[in-house]
Amino acid sequence: MKEKLLRMIREGSLVCGVVGLGYVGLSLALALARAGFRTIGFDVRPDRVKRLREGKADPEDGACDALEALVACQKLSATGAFQQLSEVDFIAICVPTPLDPYGQPDLQCLREAAQAIAGQLRPGMAVVLESTSYPGTTEELLRPLFEQGSGLRCGEDFFLGCAPERVDPGNRLFCTENTPRVVGGIGSEATTVIAALYRAVIRGEVREVSRPSVAEMEKLLENSYRNVNIALANEMALVCDTMGIDIWEVVDAAATKPYGFVPFYPGPGVGGHCIPVDPAYLSWRARGFGCRTPLLETAAQINDRMPEYCAARAARLLNASGKPVAGSKILALGAAYKQEVADCRESPAIRVMELLRAQGASLTFYDPYVRQYAWQGKIRRGSGRLSAGAVARADLVLILTAHRAVDYQLVQKRARRILDTKNAMKGIEPRDNITLL
């Protein structure tokens with residue numbers, strides 16, 4: 001089985017399947033197809049499948065210039081018929097793994113995907129988990145589901161492993177093809193086969209580790225590292241505010257040290273599908289082993305309170321000019337959780353806006369990537385463009401996402417007062433109407 005799969009990888013005859021065609025899954029499917037492998041994408045959303053069959057991508061998918069060509073030449077296809085999983089030799093699972101309302105792992109999508117795969121699993125296939133989850137998911141959850149659902153034996157009839165996704169939406173430097181990957185399989189043969197496929201697709205290093213739980217844990221470490229250091233930057237911002245010190249100047253000064261320091265910057269909080277979620281997976285898993293993770297829990301608390309802090313700073317600025325929050329006109333710039341993306345999942349910008357709305361502010365928002373978002377069953381629609389009149393009419397312009405497409409010169413010129421939580425207006429002068437976080 002191992003030698004046959006390796007030969008098919010070398011020859012380019014391996015047929016690949018990607019279950020879940022969100023940002024991560026579609027990026028992988030495109031990379032596989034560009035590498036020459038016929039790739040079938042599977043998704044439960046009919047509208048998503050229909051658009052991809054037409055060679056069209058949604059705005060949140062980023063640049064997919066090759067999509068139409070790959071669909072036209074039949075290197076890439078999309079379907080909602082999971083029976084076609086029996087046609088592929090390699091399956092990557094790229095489904096959402098969010099938190100439930102109680103802050104615990106919600107693996108419903110992963111279980112459903114695994115059950116669909118188990119029903120079509122055949123001897124000689126390899127399956128890899130790309131979705132982020134707690135250490136033990138591949139061996140303790142997926143393996144039993146596959147073996148019981150198919151009657152096949154892992155390591156004898158099929159290979160199984162984990163290669164956590166590393167996708168950074170909006171990153172212009174690193175993409176699926178040039179980002180190093182980590183692969184851990186159940187057994188050395190599984191690791192060898194799965195790593196061989198990734199080496200055929202990406203230009204970066206493919207690091208083989210001893211088992212899937214190592215790969216699962218390293219992904220949680222990556223984003224816990226970011227979460228903790230962002231929390232440190234946010235806590236320093238709170239301290240600097242009380243002392244009248246510019247936190248942005250402090251971080252930039254510290255970043256001149258060529259060793260022992262990596263700059264992280266404060267902001268209205270953390271969002272997206274990774275940084276606020278992955279540390280919670282790790283803490284949840286650790287509790288099952290009788291371990292506590294107080295550093296991760298404290299970091300989460302600090303980052304989680306930043307939207308409230310930003311709303312309070314906005315209120316303080318308005319009060320200083322003799323205006324209460326209630327009735328004040330606020331123009332928020334940014335709704336996405338980070339710059340250059342249309343993703344609003346767990347966006348702290350939205351929380352800041354809704355906190356100010358709850359205090360009676362007349363708030364509108366502009367985001368070049370986000371036209372609307374949902375909040376507690378309500379649809380909030382943004383402005384279609386950023387006009388000089390809208391900026392001038394606002395009692396406060398609140399910058400929550402640092403999109404490069406925003407005309408910050410216009411904002412500085414026409415705004416009465418600005419609260420910049422992202423240092424998006426760095427270098428723009430004069431700065432008398434600008435207040436930094």
Side-chain angles (χ1 to χ4, degrees), residues 15-33 37-53 56-62 64 67 70-71 76-100 105-121 125-134 137-138 141-142 145-146 149 160-169 175-176 179 181 183 194 197-198 201 212 215-216 219 272-274 277-278 281 341-343 345-346:
V15 180
C16 299
V18 178
V19 177
L21 294 173
Y23 190 96
V24 170
L26 181 57
S27 297
L28 177 64
L30 286 165
L32 289 165
F37 297 101
R38 186 166 78 86
T39 304
I40 306 173
F42 298 82
D43 204 283
V44 296
R45 298 166 293 176
D47 56 334
R48 179 71 162 168
V49 170
K50 181 177 182 295
R51 285 180 58 77
L52 292 176
R53 282 177 172 173
K56 299 175 182 176
D58 295 327
E60 61 267 25
D61 295 324
C64 294
L67 176 59
L70 290 169
V71 171
L76 178 62
S77 60
T79 181
F82 282 75
Q83 297 89 337
Q84 287 186 247
L85 283 165
S86 62
E87 301 175 15
V88 307
D89 307 296
F90 170 87
I91 301 172
I93 305 174
C94 304
V95 298
T97 49
L99 297 175
D100 67 16
D106 179 358
L107 299 184
Q108 179 181 352
C109 291
L110 181 57
R111 289 178 184 275
E112 291 174 354
Q115 289 164 355
I117 293 169
Q120 305 300 323
L121 204 60
M125 294 175 71
V127 184
V128 64
L129 174 65
E130 282 222 359
S131 303
T132 304
S133 189
Y134 58 82
T137 300
T138 303
L141 176 67
L142 295 184
L145 286 174
F146 290 151
L160 177 60
C162 176
E165 57 90 0
R166 281 177 169 169
V167 176
D168 186 17
C175 61
T176 299
T179 301
R181 298 299 293 269
V183 174
I194 295 169
L197 179 59
Y198 281 98
V201 173
E216 291 158 344
K219 176 59 187 292
H273 65 288
C274 286
V277 174
D278 294 0
Y281 266 70
V341 303
D343 195 341
R345 284 177 294 179
E346 309 296 331

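Along the sequence shown, the residues carry numbers beginning at 1.
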Chemist: Begin with the C-alpha distance, continue with both residues' side-chain angles, and end with the deciding distance and a verdict on side-chain contact (heavy atoms from CB on, under 4.5 Å) for Glu130 and Arg166.
Modeler: CA-CA 9 Å; Glu130 282 222 359; Arg166 281 177 169 169; over 6 Å; no
Chemist: So, using side chain to side chain contact (heavy atoms under 4.5 Å, CB included) as the criterion, who are the partners of Ala215 when residues are at least two apart?
Modeler: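 For Ala215 the side chain to side chain contact (heavy atoms under 4.5 Å, CB included) partners, ignoring immediate neighbours, are Cys162, Pro164, Val182, Val209.
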Chemist: Check this for me: does any side-chain nitrogen of one of Asp47 and Arg45 sit under 4.0 Å from a carboxylate oxygen of the other?
Modeler: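 Judged by the 4.0 Å cut-off on N to carboxylate O distance, Asp47 and Arg45 do not form a salt bridge.
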Chemist: Residues two or more places apart in sequence or in another chain: which of them pass side-chain hydrogen bond (donor to acceptor under 3.5 Å, both in side chains) with Thr138?
Modeler: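 So Thr138 forms a side-chain hydrogen bond (donor to acceptor under 3.5 Å, both in side chains) with Glu216.
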Chemist: For residues Val44 and Val49, determine if any side-chain heavy atom of one lies less than 4.5 Å from a side-chain heavy atom of the other.
Modeler: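 Sidechains of Val49 and Val44: no contact.
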Chemist: Do Asp343 and Tyr23 come close enough that some side-chain heavy atom pair is under 4.5 Å?
Modeler: no
Chemist: For Tyr198, give me all partners under ring-ring contact (aromatic ring centres under 6.0 Å, His included), at least two apart in sequence or on another chain.
Modeler: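 ring-ring contact (aromatic ring centres under 6.0 Å, His included) list for Tyr198, sorted by chain: empty.
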Chemist: Can you tell if the side chain of Asp43 reaches within under 4.5 Å of the side chain of Thr79, non-hydrogen atoms only?
Modeler: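 No, side chains not in contact.
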Chemist: Just so I know, are the side chains of Phe90 and Val15 near enough to count as touching, which here means a heavy-atom distance under 4.5 Å?
Modeler: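 No. Closest side-chain heavy atoms not under 4.5 Å.
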Chemist: In chain order, what residues pass the side-chain hydrogen bond (donor to acceptor under 3.5 Å, both in side chains) check against Asp106, with sequence neighbours excluded?
Modeler: none
Chemist: List for me each residue that meets side-chain hydrogen bond (donor to acceptor under 3.5 Å, both in side chains) alongside Ser131, sequence neighbours excluded, and say none if there are none.
Modeler: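 Scan of Ser131 (side-chain hydrogen bond (donor to acceptor under 3.5 Å, both in side chains), adjacent residues dropped) gives none.
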Chemist: Which residues pass the salt bridge (charged side-chain N to carboxylate O under 4.0 Å, His left out) test with Arg53, not counting sequence neighbours?
Modeler: none
Chemist: Treating Arg38 as the side-chain partner and Cys16 as the backbone partner, does any N or O pair qualify as donor plus acceptor under 3.5 Å?
Modeler: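 Not at all, since once roles are kept as given, no pair shorter than 3.5 Å links the two residues.
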Chemist: Not counting sequence neighbours, which residues clear side-chain hydrogen bond (donor to acceptor under 3.5 Å, both in side chains) with Thr176? List them please.
Modeler: none
Chemist: Can you check whether Asp89 reaches Met125 side chain to side chain, under 4.5 Å on heavy atoms?
Modeler: no
Chemist: Under the side chain to side chain contact (heavy atoms under 4.5 Å, CB included) test, which residues partner Val71, sequence neighbours left out?
Modeler: Leu67
Chemist: According to side chain to side chain contact (heavy atoms under 4.5 Å, CB included), who are the partners of Glu346, at least two apart in sequence or on a separate chain?
Modeler: Pro276
Chemist: Report yes or no: does Thr39 contribute a side-chain atom to a donor-acceptor pair with the main-chain N or O of Phe37 at less than 3.5 Å?
Modeler: yes
Chemist: Is there a side-chain contact between Val18 and Leu26, using heavy atoms and a 4.5 Å cut-off?
Modeler: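 Contact flag for Val18/Leu26 side chains = no.
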Chemist: Apply the test side-chain contact (heavy atoms from CB on, under 4.5 Å) to residues Cys94 and Leu28: give CA-CA distance (whole Å), side-chain angles for both, the deciding distance (0.1 Å), then the verdict.
Modeler: CA-CA 9 Å; Cys94 304; Leu28 177 64; 4.0 Å; yes
Chemist: Using the ring-ring contact (aromatic ring centres under 6.0 Å, His included) criterion, which residues pair with Phe42? Sequence neighbours excluded.
Modeler: Phe82
Chemist: Tell me which pairs pass salt bridge (Lys or Arg N to Asp or Glu O under 4.0 Å) where either residue lies in residues 108-119, with sequence neighbours left out.
Modeler: none
Chemist: Just how far is it from atom CD1 of Ile117 to atom CG of Leu85, taken to the nearest 0.5 Å?
Modeler: 6.0 Å
Chemist: Pair Cys274, Lys219 - check side-chain contact (heavy atoms from CB on, under 4.5 Å), show working.
Modeler: CA-CA 10 Å; Cys274 286; Lys219 176 59 187 292; 4.3 Å; yes
Chemist: Check whether any side-chain heavy atom of His273 sits under 4.5 Å from a side-chain heavy atom of Glu165, and report yes or no.
Modeler: yes
Chemist: What residues, two or more places apart in sequence or in another chain, satisfy side chain to side chain contact (heavy atoms under 4.5 Å, CB included) together with Ser133?
Modeler: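 Applying side chain to side chain contact (heavy atoms under 4.5 Å, CB included) to Ser133 gives Leu107, Thr137, Tyr281.
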